[in-house]
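Indexing begins at 1, ligand by ligand and atom by atom, following the structure's order. Along the sequence shown, residues are numbered consecutively beginning with 1. We use all heavy atoms of the structure for the numbers below, so side chains are in, but hydrogens, waters and symmetry mates are not.
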Amino acid sequence: MKSLAIVMRQNGGPEVLKLEEIEVAAPGEGEVQIRHVAMGVNYIDTYIRSGLYPVPGGFPYIAGKEGAGTVIAVGRGVSEFREGDRVAYPSGDGGYCEVRNIPARALVKVPDTIALDVAGSMMLKGMTAEYLLRRTFKVGPETVLLFHAAAGGVGLIAGQWAKALGATVIGTAGSEEKIALAKAHGYDHVINYRSDDFVARVKEITGGKGVDVVYDSVGKDTFPHSLDCLKPRGMWVSFGQSSGPLPPFNLALLMQKGSLFATRPTLFSYIATRAELDESANSLFKVVQSGEVVINVNQRYRLADAAQAHADLENRKTSGTTILIP
Ligand code: NDP
């Protein structure tokens with residue numbers, strides 16, 4: 001079967017994302033063939049495109065890790081999915097395309113009450129919010145936390161989820177518009193980190209105490225200042241580098257800043273087993289179905305415009321989640 005896909009043949013800027021027609025084989029053993037309704041765009045896609053992260057499996061590479069659609073065929077040995085099922089995945093390279101094959105073990109079924117375009121935008125970002133708030137650090141009513149890039153894809157989901165867990169939620173964002181958006185999605189306080197000193201503001205908000213945990217996906221620009229926002233023995237969760245990678249640093253810094261804990265997690269090690277994948281996806285579906293977390297699909301692009309989607313994400317022009325539509 002023919003499918004349009006965004007194929008990368010080299011690393012570089014958004015212009016290396018090229019629309020091509022590809023041939024999709026019948027699904028192999030253990031695989032499911034799906035027709036996409038929406039494919040999520042994630043910051044990690046830009047790291048792979050630019051060369052910051054290695055290209056999984058080498059070139060040619062079809063970009064994209066997240067998507068949702070309908071099953072159109074199943075390969076031998078697949079019993080848990082059948083034609084017509086509504087499915088989604090948070091982690092499957094080769095996402096930016098109309099039709100694809102994917103191992104059944106990467107897929108989950110989407111409840112009828114969740115639209116597939118919403119599912120296609122939220123699996124990677126929402127399951128990231130899930131493990132960060134529930135497993136990397138157990139957020140609860142006593143927790144005071146700082147979440148950078150609060151109006152972003154992960155940020156808007158995390159703010160609402162953290163609020164639902166009862167936490168005091170402080171965020172940062174890069175414009176007044178984004179600040180208003182974050183405040184409407186769970187954040188009690190939002191700091192403009194482009195114009196204000198966020199360390200001083202966090203101290204002010206917490207009465208000098210600092211926060212229990214900082215979730216930092218900005219990387220270079222917020223390091224090492226994020227560490228100065230923490231209470232003694234607080235936890236620094238460095239989970240991304242939208243502004244560029246962190247410099248190497250001496251571990252003794254954690255001692256100097258107050259016996260801090262540090263972790264550098266990735267979703268992929270939190271959903272490594274089928275049970276973890278299902279548990280994380282079901283937790284996400286539950287908070288979305290209950291209305292505790294509303295997914296803001298704020299940017300929609302045609303598949304052919306994937307390069308524009310990357311440029312807008314990297315130029316801080318987006319908020320909430322971003323999808324490509326086949
Ligand atoms: P976002 O929608 O959050 O986009 C990134 C945001 O980062 C921008 O909108 C911008 O918000 C902020 N930012 C700050 N400095 C810069 C800069 N110099 N250049 C560009 N953006 C900047 O993206 P995602 O929701 O897809 O991902 C958020 C982060 O989480 C990424 O760093 C990603 O790699 C990471 N991530 C990590 C995962 C993990 O398991 N480790 C899984 C999923 C995502 P503003 O304008 O408000 O500053």
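- Interface atoms of ligand 1 facing Thr266, defined by a heavy-atom separation under 4.0 Å, are 39 (C), 40 (O), 41 (N).
- For Tyr193 and His225, the gap between ring centers reaches or exceeds 6.0 Å.
- At least one heavy atom of Pro265 lies less than 4.0 angstrom from ligand 1.
- Looking at Arg49, its side chain does come within 3.5 Å of a backbone N or O of Gly12 through a donor-acceptor pair.
- Judged by distance alone, with hydrogens and angles left aside, the side-chain atoms of Ser319 form no donor-acceptor pair with the main-chain N or O of Gly152 at under 3.5 Å.
- Partner of Thr136 under the side chain to side chain donor-acceptor pair (under 3.5 Å) criterion, out of Tyr270, Tyr215, Tyr131: Tyr270 alone.
- On a distance-only criterion, Gly155 and ligand 1 share no N/O pair closer than 3.5 Å.
- Less than 4.0 angstrom separates some heavy atom of Leu313 from each of these atoms of ligand 1: 2 (O), 4 (O).
- Considering backbone and side-chain N/O atoms, Lys125 never comes within less than 3.5 Å of an N/O atom of ligand 1.
- Set against the non-hydrogen atoms of Tyr47, the atoms of ligand 1 under 4.0 Å away are 31 (C), 32 (O), 33 (C), 34 (O).
- Atom 3 (O) of ligand 1 has Gly152 CA, 3.4 Å as its closest protein atom, hydrogens excluded (heavy atom only).
- Considering backbone and side-chain N/O atoms, Val41 never comes within less than 3.5 Å of an N/O atom of ligand 1.
- Heavy-atom contacts from other residues, nucleotides or ligands closer than 6.0 Å to CZ of Arg274 number more than 12.
- A donor-acceptor pair is defined here as one N or O able to donate and one able to accept, closer than 3.5 Å; no such pair exists between the side chain of Glu130 and the backbone of Ser280.
- Each of the following atoms of ligand 1 lies closer than 4.0 Å to a heavy atom of Ser217: 29 (C), 30 (O), 32 (O).
- The shortest N or O to N or O distance between Gly153 and ligand 1 is below 3.5 Å.
- No more than 12 heavy-atom neighbours from other residues, nucleotides or ligands sit within 6.0 angstrom of CZ on Arg76.
- Taking the six-membered ring for Trp, Trp236 and Phe249 have ring centres closer than 6.0 Å.
- Taking the six-membered ring for Trp and thresholds of 30 and 60 degrees, Tyr53 and Tyr47 have ring planes inclined between 30 and 60 degrees apart.
- For atom 32 (O) of ligand 1, the nearest non-hydrogen atom from the set Gly320, Ser269, Ser242 comes from Ser242.
- Close approach to Asn42 involves these atoms of ligand 1, each under 4.0 Å from a residue heavy atom: 26 (O).
- The shortest N/O to N/O separation between Leu267 and ligand 1 falls below 3.5 Å.
- In terms of protein heavy-atom proximity, atom 25 (O) of ligand 1 is nearest to Val154 N, 2.9 Å.
- Heavy atoms of Phe268 stay at 4.0 angstrom or farther from ligand 1.
- Using a cut-off of 4.0 Å between Lys/Arg side-chain N and Asp/Glu carboxylate O, Lys203 and Asp228 are scored as not salt-bridged.
- For Glu279 and Arg134, the salt-bridge test passes: some basic side-chain N is under 4.0 Å from an acidic carboxylate O.
- Note on Lys109 versus Glu80: no salt bridge recorded, every NZ/NE/NH1/NH2 to OD/OE distance being 4.0 Å or above.
- The nearest non-hydrogen atom to atom 12 (C) of ligand 1, considering only Tyr43, Tyr131, Tyr193, comes from Tyr193.
- In terms of protein heavy-atom proximity, atom 21 (N) of ligand 1 is nearest to Arg316 CG, 3.4 Å.
- Contact annotation for Leu124 and ligand 1: only side-chain heavy atoms (C-beta onward) come within less than 4.0 Å of the ligand.
- The Ala173 neighbourhood of ligand 1 comprises atoms 47 (O), with distances under 4.0 Å to a heavy atom of that residue.
- Here Glu314 has backbone heavy atoms under 4.0 Å from ligand 1, and that is the only part of it that gets that close.
- Exactly one residue among Val144, Asp188, Leu145 makes a side-chain contact (heavy atoms from CB on, under 4.5 Å) with Ile170. That residue is Val144.
- The nearest protein atom to atom 11 (O) of ligand 1, hydrogens excluded, is given as Lys178 NZ, 3.5 Å; this is a heavy-atom distance.
- Close approach to Gln241 involves these atoms of ligand 1, each under 4.0 Å from a residue heavy atom: 32 (O).
- Note on Met255: it does not cluster hydrophobically with Met235, by side-chain heavy-atom contacts below 4.5 Å among ILVMFWY residues.
- Other residues, nucleotides and ligands contribute over 12 non-hydrogen atoms within 6.0 Å of the CD atom of Gln256.
- Checking Ser238, Ala149, Ala182, Gly126 against atom 6 (C) of ligand 1, the nearest heavy atom belongs to Ala149.
- Within the 4.0 Å heavy-atom shell around ligand 1 one finds Arg264.
- Looking from atom 47 (O) of ligand 1 to the surrounding protein, the closest heavy atom is Gly174 N, 2.8 Å.
- Nearest protein heavy-atom contact of atom 38 (C) of ligand 1 is Phe239 O, 3.7 Å.
- In this structure a side-chain-to-backbone donor-acceptor pair under 3.5 Å is present from Lys178 to Arg316.
- Geometrically, ligand 1 and Thr172 share no nitrogen or oxygen pair separated by less than 3.5 Å.
- The protein heavy-atom contact nearest to atom 42 (C) of ligand 1 is Thr128 OG1, 3.1 Å.
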